[in-house]
Peer 1: 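Before I ask anything, here is the structure I am working with.
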Amino acid sequence: MWDAEPISKPLVVTPTREAVQPLFDRIHGWVTTVDHKRLGIMYIVYALVFLVIGGIEATIMRIQLIRPHNDFVSPQVFNRMFTMHGTTMIFFVAMPIVFGFINYAIPLMIGARDMAFPRLNAWGFWMTACGGVILYFSFLGGSGLYGAGSTPDVGWFAYAPLTSPAFSVGHSTDYWIIGLLISGFGSIATAINILTTIFCLRCPGMTLGKMPLFAWLNLVTAGLVVLALGPLTAAQLMLLIDRYLGGHFFDTQAGGSAVIWMHFFWVFGHPEVYILVMPAFAAVSEIIPVFSRKAIFGYPIMVAASVSIGFISMSVWAHHMFTVGMTSYGNAFFVASTMAIAVPTGIKIFNWLGTMWGGKLIFKTPMLFCVAFLFQFLIAGLTGVMLSVAPLDWQLGNSYFVVAHFHYVIVGGILFAIFAAFYYWFPKMSGRMYDEKLGKLHFWIFLIGFHLTFDFMHIPGILGMPRRIYTYEPGRGWDTWNLIVTIGVFFQAVGVLIFVYNLVSSYFKGKLAGNDPWDAWTLEWSTSSPPPEYNFAKIPVVRSRRPLWDLKHPEDPDWKYE
Amino acid sequence: LSFKLGPGRWFRSASVCLCLGAVQAAFAQTGTQPGSTSIFSPASTPADSIYHLSLFVLGLCAAIFITVFSLLVYSVVKYRRRPGDDGREPPQIYGSNQVELAWTVIPVLIVVVLFLATARVIHAIEDARLPDGTTEVTAVGHQFWWEFQYPQQGFIAANELHVPVSDPQHPTPTHITLLSADTDHSFWVPQLAGKTDLIPNRTNNMWIDPHETGVYVGQCAQYCGTQHAKMLLRVIVQSRADFDRWVAEQRQPATQPGDSVAQGRHVFETTACVNCHTIGGTNAHGTFGPDLTHLMSRETIAAGAALNNRENLRQWVQNPDTFKPGALMPAMQLDEHDLDAVTDYLVTLK
């Protein structure tokens with residue numbers, strides 16, 4: 001059953017004719033592909049394009065807020081910018097980018113040849129892609145072409161009744177609804193695909209308890225997507241019925257309920273945070289062990305913590321609604337559930353620290369991003385605990401403190417982990433190494449920018465500055481902080497440009513990476529870089545969580561201890 | 001439950017122990033001047049109990065941060081691979097049940113303590129029984145201004161909420177019923193209380209008991225449309241005598257102007273002004289815009305977007321977009337003569 005070399009070397013039969021194909025055939029190949037690796041890369045590239053667009057929108061807002069009474073943009077444009085920035089970053093950057101990495105890495109890590117439903121996979125990608133295009137078509141399809149509507153300006157959580165026809169005339173809100181609806185279908189399809197792949201296509205020997213943590217955490221992600229996207233889709237359909245068929249779900253002027261929209265939205269919206277953060281945890285859980293040269297500390301506890309985060313995250317949504325006038329008992333329940341989620345999250349941070357403890361830490365770019373992730377996610381978690389204290393949320397909710405808090409989660413936590421994942425898997429995806437010096441430069445510049453922007457952003461919130469205001473009065477003590485926050489944005493922009501340049505130039509000119517540049521332990525590093533279309537010439541057989549460790553250390557394999 | 005909520009003694013001692021002087025000092029500077037919106041300069045019981053809870057929470061979070069951050073820095077420094085490393089893999093440790101148990105149980109205990117401290121303040125603020133003699137105000141949110149109804153006294157004001165000061169020994173708080181005429185809004189004056197939303201088709205409640213007279217500023221804290229940014233809010237806390245005097249004035253119908261401004265009144269009463277505004281004692285009964293009966297008793301116009309003086313009023317009537325692009329008041333398209341006349345009339349509405 002267990003032979004000396006369980007994981008076969010990749011066969012060098014990858015067709016090379018592609019390089020000499022005409023351009024049109026190559027494009028045709030990408031557009032019609034059902035290969036999980038190509039779809040993963042397409043998700044990632046698609047998300048990077050929107051990352052730049054969403055970043056430009058953020059920069060426009062920050063220039064407007066650089067000083068009191070600035071008139072860089074009108075209030076109407078500012079409101080469109082924050083709506084589009086939020087919607088873009090959540091639905092067309094963060095979600096596709098994590099789906100990209102999941103798509104790319106999961107089949108390789110569990111020793112499968114593709115996802116369970118390759119065509120559904122392609123369908124999911126193209127639906128998501130269409131959603132983004134429809135949302136952005138509002139720039140043209142709004143006032144430009146039809147003289148009605150414009151880009152959405154109702155905020156990314158689009159509270160009723162601002163979205164009802166009485167307040168949102170024209171079609172901007174319709175673009176928002178339909179764009180999200182369609183990309184939501186794609187996300188649900190992809191999530192079902194991920195669940196099926198993980199449950200059904202694991203290679204021989206890989207029981208659930210021997211899956212890499214990356215697979216476990218993304219199993220939770222996919223489960224959450226299936227559960228959470230439903231309420232959003234339902235709410236979007238109800239809103240469409242309100243707007244076109246005379247329904248009154250959220251139409252308060254006809255007796256509808258504004259609060260019901262909030263419940264629907266946040267029943268989706270809070271699990272969404274964990275949908276995005278789980279893949280970040282997943283990447284960090286792979287990268288920290290490899291660059292600490294140690295097995296992950298407390299694997300079963302990590303799995304249990306992740307699964308319990310998944311469950312608890314379904315019951316915390318109304319902490320976004322502490323100010324809507326729930327009863328004291330209602331508020332207390334959501335305080336308790338929200339604080340409860342801090343426990344498994346803390347356990348995860350401790351286990352990552354436990355993994356580093358006693359290791360030999362190698363500070364390549366991916367590890368640098370992981371250490372910064374730990375530091376920032378710690379702070380983000382603690383400001384989250386502060387906001388879970390409902391009375392404190394009555395003061396800080398909807399202020400810049402909250403904006404700083406969730407950017408700490410999404411940028412300081414998720415985006416840093418995603419950058420780590422980029423540098424970690426780039427050699428596998430492209431077959432070439434990135435430039436380490438540029439990677440470190442990107443890290444330090446982005447780190448400085450991040451802290452300038454989001455550390456100082458907490459302060460105007462404490463000083464009473466609400467979010468979503470296009471201008472403010474001087475003399476409130478907000479001016480200096482806003483100036484510093486805006487300066488930080490430019491550092492971040494430079495960091496991202498270095499990152500993109502590094503990826504592009506390394507793709508063409510980087511050193512060849514080889515199969516296993518990090519001396520890592522999961523199955524994707526056993527095949528060639530980039531892997532052939534079929535991933536593995538022979539389906540691998542594993543006996544532990546770190547099959548390549550077993551291979552490299554036959555005298556002391558993991559399966560003896562698991 | 002007693003109305004006079006004293007912050008728990010252990011909150012205080014805990015916060016003192018945790019050396020939060022630095023945090024307080026950083027924000028006290030902006031806190032002491034009038035017009036502060038810092039949450040660390042409370043002037044009313046709800047804001048005060050939140051402030052003391054926040055010191056406790058900050059202290060706890062700071063302690064956790066310092067512990068975990070030190071562990072992180074220690075492991076990064078101590079366990080970094082050094083030059084001349086022998087290249088061998090470090091000992092592989094897969095976990096430890098005792099350690100896992102420790103870092104599960106301790107956070108659970110912390111969370112329980114934090115929850116109890118929080119539940120206590122939630123209950124004290126939300127379920128407070130207000131004494132007799134509480135002033136009742138109904139605040140109605142509009143795009144993008146505030147309507148303040150005084151049902152006990154029978155008049156309506158706008159944008160500047162006048163309330164009596166409350167002596168902590170004999171509290172005379174103000175209870176505010178929160179309604180909305182259009183979209184969601186949120187009432188937030190950080191020195192007085194946390195925010196509570198104004199939601200159409202829903203009745204919300206909050207209360208304040210400002211301990212000192214003065215002007216407290218805040219603004220709408222729930223995105224409500226184009227001019228959300230300039231839906232500012234002023235709470236004017238007065239001594240009981242001043243407040244009663246103000247109430248008596250507000251209850252009067254508008255001053256009957258002399259002949260000099262009769263023309264301006266005529267313009268007002270014969271144009272679209274009357275569709276949206278009320279002036280007591282005239283045929284203007286509109287309710288979409290602020291009640292103008294005692295317009296000149298306010299310090300600001302356009303929900304705090306501009307100071308209330310003749311020049312700004314004239315500009316506002318001529319073109320509201322100067323101060324507040326996107327405000328729902330239309331530019332009135334009056335000729336210069338009518339514009340001056342109507343402004344002359346408005347400034348008589350003391």
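The sequence lines fix the lettering, A, B, ..., with proteins before strands; numbering per chain opens at 1.
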Peer 1: Mind ranking B/L72, B/V57, B/T196 by heavy-atom pairs under 4.5 Å with chain A and telling me who comes out on top?
Peer 2: B/L72
Peer 1: So, A/W357 versus B/Y79: side-chain donor-acceptor pair below 3.5 Å or not?
Peer 2: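 Yes.
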Peer 1: One pair to check against side-chain contact (heavy atoms from CB on, under 4.5 Å): A/T480 and A/F456. What are the steps and the verdict?
Peer 2: CA-CA 10 Å; A/T480 319; A/F456 292 100; over 6 Å; no
Peer 1: Which one wins on heavy-atom pair count under 4.5 Å against chain A: B/L114, B/I106, B/V73?
Peer 2: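 Answer, by heavy-atom pair count under 4.5 Å with chain A: B/L114.
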Peer 1: Name the option with the most non-hydrogen atom pairs under 4.5 Å to chain A; the candidates are B/A119, B/S186, B/G225.
Peer 2: B/G225
Peer 1: For the residue pair B/D127 and A/Y329, confirm or rule out a side-chain donor-acceptor distance under 3.5 Å.
Peer 2: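 No donor-acceptor contact under 3.5 Å links the two side chains.
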Peer 1: Measure A/D393 against the heavy atoms of chain B and call it side chain, backbone, both or neither at under 4.5 Å.
Peer 2: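 Just the backbone, heavy atoms under 4.5 Å.
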Peer 1: For chain B, find which of A/S164, A/S168, A/A336 contributes the most heavy-atom pairs closer than 4.5 angstrom.
Peer 2: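 Option with the greatest count: A/A336.
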Peer 1: Determine whether a donor-acceptor pair (N or O, by modelled atom type, separation under 3.5 Å) exists between the side chain of A/Y472 and the backbone of A/P466.
Peer 2: no
Peer 1: Any side-chain heavy atom of A/Q64 within less than 4.5 Å of one from A/T471?
Peer 2: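 With C-beta onward as the side chain, the pair touches.
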Peer 1: Tell me, for A/M326 versus chain B, whether the close heavy atoms (under 4.5 Å) come from the side chain, the backbone, both or neither.
Peer 2: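 Answer is backbone: N, CA, C or O of A/M326 sit under 4.5 Å from chain B.
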Peer 1: Should B/D184 and B/R202 be marked as a salt bridge (charged side-chain N to carboxylate O under 4.0 Å, His left out) after you check the CA-CA gap, both sets of side-chain angles, and the distance that decides it?
Peer 2: CA-CA 10 Å; B/D184 303 333; B/R202 185 181 172 90; over 6 Å; no
Peer 1: Side chains of A/T323 and B/D197: do they bring a donor and an acceptor to under 3.5 Å?
Peer 2: yes
Peer 1: Of the backbone (N, CA, C, O) and the side chain (C-beta and beyond), which part of A/R467 lies under 4.5 Å from a heavy atom of chain B, both, or neither?
Peer 2: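 It is the backbone, since no side chain atom gets that close.
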Peer 1: May I have the step-by-step check of side-chain contact (heavy atoms from CB on, under 4.5 Å) for A/T163 and A/W261, ending in yes or no?
Peer 2: CA-CA 10 Å; A/T163 48; A/W261 170 269; 5.8 Å; no
Peer 1: Is chain B contacted by the side chain of A/T327, its backbone, both, or neither, given a heavy-atom distance below 4.5 Å?
Peer 2: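 Backbone only.
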Peer 1: So do the side chains of B/I50 and B/P42 get within less than 4.5 Å of each other, counting heavy atoms only?
Peer 2: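 SC-SC contact between B/I50 and B/P42 ruled out.
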Peer 1: Please verify the inter-ring angle class for A/F373 with A/W352; under 30° counts as parallel, over 60° as perpendicular, anything in between as tilted.
Peer 2: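 Perpendicular.
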Peer 1: Counting heavy-atom pairs closer than 4.5 Å to chain A, which one of B/G326, B/A193, B/G218 comes out on top?
Peer 2: B/A193
Peer 1: Which atoms of A/F297 come close to chain B, meaning under 4.5 Å heavy atom to heavy atom: side chain ones, backbone ones, both, or neither?
Peer 2: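 Contact with chain B is through both the backbone and side chain of A/F297.
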Peer 1: Would you call the rings of B/Y223 and B/H228 parallel, tilted or perpendicular if under 30° counts as parallel and over 60° as perpendicular?
Peer 2: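 Because their plane-to-plane angle is over 60°, the rings of B/Y223 and B/H228 count as perpendicular.
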Peer 1: Quickly, which of A/K360, A/K552, A/R293 forms a side chain to side chain donor-acceptor pair (under 3.5 Å) with B/E89? Name it, please.
Peer 2: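 For B/E89, the side chain to side chain donor-acceptor pair (under 3.5 Å) test succeeds with only one of A/K360, A/K552, A/R293, which is A/R293.
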Peer 1: Counting heavy-atom pairs closer than 4.5 Å to chain B, which one of A/F78, A/W478, A/F82 comes out on top?
Peer 2: A/F82
Peer 1: Heavy-atom cut-off 4.5 Å, strictly under: side chain, backbone, both or neither for A/L162 against chain B?
Peer 2: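 Looking at A/L162, backbone and side chain both touch chain B.
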Peer 1: Working note: A/I347 + B/W103, criterion side-chain contact (heavy atoms from CB on, under 4.5 Å); need CA distance, chi angles, decisive distance, verdict.
Peer 2: CA-CA 6 Å; A/I347 291 173; B/W103 66 42; 4.1 Å; yes
Peer 1: With a 4.5 angstrom heavy-atom cut-off, could you sort out which part of A/F350 is near chain B: side chain, backbone, both or neither?
Peer 2: both
Peer 1: Checking heavy atoms, do the side chain of A/A160, its backbone, both or neither come under 4.5 Å from chain B?
Peer 2: backbone
Peer 1: Which answer fits B/I199, side chain, backbone, both or neither, if we ask what part of it has an atom under 4.5 Å from a heavy atom of chain A?
Peer 2: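 The side chain, not the backbone.
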Peer 1: Which one wins on heavy-atom pair count under 4.5 Å against chain A: B/L232, B/D182, B/V217, B/N205?
Peer 2: B/D182
Peer 1: A/T83 side chain to A/G155 main-chain N or O, any donor-acceptor pair under 3.5 Å?
Peer 2: yes
Peer 1: Do B/M231 and B/Q219 make a side-chain contact, defined as non-hydrogen atoms from C-beta onward lying under 4.5 Å apart?
Peer 2: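 No; the side chains remain at least 4.5 Å from each other.
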Peer 1: For chain B, find which of A/A295, A/S399, A/G359 contributes the most heavy-atom pairs closer than 4.5 angstrom.
Peer 2: A/G359
Peer 1: For A/Y470, is it the side chain, the backbone, both, or neither that has a heavy atom closer than 4.5 Å to a heavy atom of chain B?
Peer 2: both
Peer 1: With a 4.5 Å cut-off on heavy-atom pairs, point out which of A/I301, A/V335, A/I296, A/V385 contacts chain B the most.
Peer 2: A/I301
Peer 1: Specify which of A/F167, A/F363, A/Y159 makes the most heavy-atom pairs with chain B at under 4.5 Å.
Peer 2: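 Heavy-atom pair counts peak at A/F167.
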Peer 1: Is a donor on one side and an acceptor on the other found under 3.5 Å between the side chain of A/K364 and the backbone of A/F291?
Peer 2: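 No, A/K364 side chain to A/F291 backbone: no donor-acceptor pair under 3.5 Å.
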Peer 1: If I measure from the heavy atoms of chain B, does A/F401 come under 4.5 Å with its side chain, its backbone, both, or neither?
Peer 2: neither
Peer 1: Chain B heavy atoms under 4.5 Å from A/F322: which part of the residue, side chain, backbone, both or neither?
Peer 2: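 Neither the backbone nor the side chain of A/F322 comes within 4.5 Å of chain B.
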Peer 1: Between A/P460, A/G397, A/G346, which residue shows the highest count of heavy-atom pairs closer than 4.5 Å to chain B?
Peer 2: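 Looking at each of A/P460, A/G397, A/G346 in turn, A/G397 comes out on top.
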Peer 1: Would you find a donor on one side and an acceptor on the other, under 3.5 Å apart, between the side chain of A/H458 and the backbone of A/Y400?
Peer 2: no
Peer 1: Of the backbone (N, CA, C, O) and the side chain (C-beta and beyond), which part of B/S180 lies under 4.5 Å from a heavy atom of chain A, both, or neither?
Peer 2: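 Answer is neither: B/S180 stays 4.5 Å or more from chain A.
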Peer 1: Under a 4.5 Å heavy-atom cutoff, which of B/R80, B/M206, B/E100 has the most pairs with chain A?
Peer 2: B/E100
Peer 1: Answer with side chain, backbone, both or neither: which region of A/R546 has an atom nearer than 4.5 Å to a non-hydrogen atom of chain B?
Peer 2: side chain
Peer 1: Please state whether the side chain, the backbone, both or neither of A/S292 comes within less than 4.5 Å of a heavy atom of chain B.
Peer 2: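 For A/S292, the backbone is the part near chain B, not the side chain.
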Peer 1: Name the region of A/W549, side chain, backbone, both or neither, that has any atom closer than 4.5 Å to a heavy atom of chain B.
Peer 2: side chain
Peer 1: Examine whether an atom of B/Q222 lies under 4.5 Å from a heavy atom of chain A, and if so say whether it belongs to the side chain, the backbone or both; otherwise answer neither.
Peer 2: both
Peer 1: Against chain A, label B/K230 side chain, backbone, both or neither, depending on which of its atoms sit under 4.5 Å from a heavy atom there.
Peer 2: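 Only the side chain of B/K230 comes within 4.5 Å of chain A.
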